[in-house]
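Letters go in sequence order (proteins before strands), and every chain restarts at 1.
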There are 2 protein chains.
Amino acid sequence: MTQKTDTTVTGRITRTLADRIIAGEIAPGTKLRQDHFAEEFGASHVPVREAFRRLEAQGLVVSEPRRGVRVASFDIAEVREVAEMRASLEVLALRHAAPHLTSAILDTAEDINRAGENAKDVREWEDANKAFHRIILEPCNMPRLMASIDDLHAASARFLFSGFRMEWEAPTDQDHRAILRALREHQFDVAAATLARHVKWIGTKPGKNSRKLSAL
Amino acid sequence: MTQKTDTTVTGRITRTLADRIIAGEIAPGTKLRQDHFAEEFGASHVPVREAFRRLEAQGLVVSEPRRGVRVASFDIAEVREVAEMRASLEVLALRHAAPHLTSAILDTAEDINRAGENAKDVREWEDANKAFHRIILEPCNMPRLMASIDDLHAASARFLFSGFRMEWEAPTDQDHRAILRALREHQFDVAAATLARHVKWIGTKPGKNSRKLSAL
DNA sequence: ACAATAAAAATTATCTATAAAATTGGAAAT
DNA sequence: ATTTCCAATTTTATAGATAATTTTTATTGT
């Protein structure tokens, strides 16, 4: 949901909180008090509440009426669920995007992939990873689909940063290369199958924290 | 997103407006003024704004910062997009649900399907249709996936009520029967393929209004 | 000590008021 | 007649205040 929401206070709060939650700076299960963030952002609690609603829609927080919101907890099952959803939807996007992919786009994708290989930390790698997926899928011209995929990517990034999956080196970027190769040769089925396997693999490599992550 | 949100004013407004938009009572493109609904619901505009945010997340309205929200427009392309997304996600859900389906569940599904065949109007038929899909997919035990499917169903219903697809009789419910038969015989691949074809078909039967639907 | 309960504090939800921005209507200039 | 600009009006966005609900703390009875 990368829209220009930063002209408004609500948008600024939404983005900042989303970043923090995704980066793992606020632990799952943490209770989010509206007055607290109102003070932090020098705003009233109204825009904070609206930000909460948006975060809820992205699945980053869960809200219980009159009991406030807390950072969404997740477990290995949800990591797998998100991976499967991504696999399904990204394959769909790729099938529609493939006919519109130019070699210029694929060249750029290759550059992005190289940037990912040279990344210094997870954060940087994830940025490249997200950009790679986005650039080859975007030409599907299906905005609603892309919005869903973006939300799922945010969830995936959160899992990654939380230590669910530590490995972020070679294999992934090698998959990326295989996908590009297949696309250049117009082997769309191969590309789609590789993409599906690639995305699902992400959900199968639990790090050390396999238990339910939740504060308290 | 069928949660018990009606204990709060925001929840009541959200649900009412969602129903109206889905039913086509408010035309696509219509500008929604917060004061107007605040007065209608005897509330201030704050809960109305929060309701708008939720509707935005469901894709029922689009919001432009400082320019208000309007009922989301849609065209034949988006109808197809939603159909494809539903096909992908519902197949995923069915694959995970299949092992957990009991014959009791399938019996209930058959009852629901019969109710759909005897439906007096589109609305009634759509209720049965939604219930049918939900009962055979729910056992997948993937809440995030089900939430996404629910949102897509809401969009589909909107298209249906708007006259995009007029036919809602025999073939659909026959597909349903074929799916049940395959599930009873544990032919999960057949069931999945039938479901995919069934859902995609919905997006290929344009009624009379193929142009962009938008007020003004 | 423990459970149940009631008062106190904190927090969410909502309302009313204000500020900021966008839209509208009309007057002036070409 | 048409366009541009400015003021008036409407509408959105945010702030500040209040009501309602939940959570916490303290107290009483067993």
>> In whole Å, I'd like the distance from the CD atom of A:E39 to the P atom of C:dT12.
In response: 14 Å

> Please give, in whole Å, the distance from C:dA13 C1' to B:R54 CZ?
Replying inline: 12 Å

> Any idea which of C:dA22, C:dT14, C:dA13 is nearest the A:Q34 side chain?
Replying inline: C:dA13

>> Can you classify the ring geometry of B:F132 versus B:H176 as parallel (below 30°), tilted (30 to 60°) or perpendicular (above 60°)?
In response: parallel

> Where the side chain of B:R49 is defined as all heavy atoms beyond and including C-beta, which of C:dT16, D:dT12, D:dA15 is the nearest nucleotide?
Replying inline: D:dT12

>> To the nearest 0.5 Å, what is the distance between OG on A:S44 and CD on A:Q34?
In response: 9.5 Å

>> Measure NE2/A:H36 against C1'/C:dT12 and give the value in whole Å, please.
In response: 16 Å

>> If the cut-off is 4.0 Å, is B:R66 near the phosphate of D:dA13, judged by side-chain N/O to OP1 or OP2?
In response: no

>> Can you tell me how far apart OG (A:S88) and CD (B:E90) are? Round to the nearest 0.5 Å.
In response: 12.0 Å

> What is the distance from CZ of A:F37 to C1' of D:dT14, rounded to the nearest Å?
Replying inline: 19 Å

>> Measuring from atom CD of A:E84 to atom CG of B:L92, what distance do you get when rounded to the nearest 0.5 angstrom?
In response: 5.5 Å

>> If I take atom CD in residue A:E50 and atom P in nucleotide D:dA13, what distance separates them, rounded to the nearest angstrom?
In response: 7 Å

> Considering only D:dT21, D:dA15, D:dA13, which nucleotide approaches the side chain of B:H45 most closely?
Replying inline: D:dA13

> To the nearest Å, how far apart are A:F41 CZ and D:dA13 C1'?
Replying inline: 17 Å

> A:T8 side chain N/O closer than 4.0 Å to the phosphate oxygens (OP1, OP2) of D:dT14?
Replying inline: yes

> Roughly how many Å is it from CZ in A:R33 to P in D:dT22, rounded to a whole number?
Replying inline: 17 Å

>> When you measure from the side-chain N and O atoms of B:T10 to the phosphate of C:dT14, is any distance below 4.0 Å, counting only OP1 and OP2?
In response: yes

>> For a quick test of reading the model: is some side-chain N or O of B:R67 closer than 4.0 Å to OP1 or OP2 of C:dT23?
In response: yes

>> The side chain of A:V46 is closest to which nucleotide in this list: D:dG16, C:dA17, C:dT12?
In response: D:dG16

>> So, does B:S44 get its side chain near the phosphate of C:dC15, meaning an N or O under 4.0 Å from OP1 or OP2?
In response: yes

> Just checking A:L32: base, sugar-phosphate only, or nothing, at a heavy-atom cut-off of under 4.0 Å?
Replying inline: sugar-phosphate

> Rounded to whole angstroms, how far apart are CG on B:D35 and P on D:dA13?
Replying inline: 12 Å

> Minimum heavy-atom separation for A:V199 to A:R86, with atom names?
Replying inline: CG1-CB, 3.4 Å

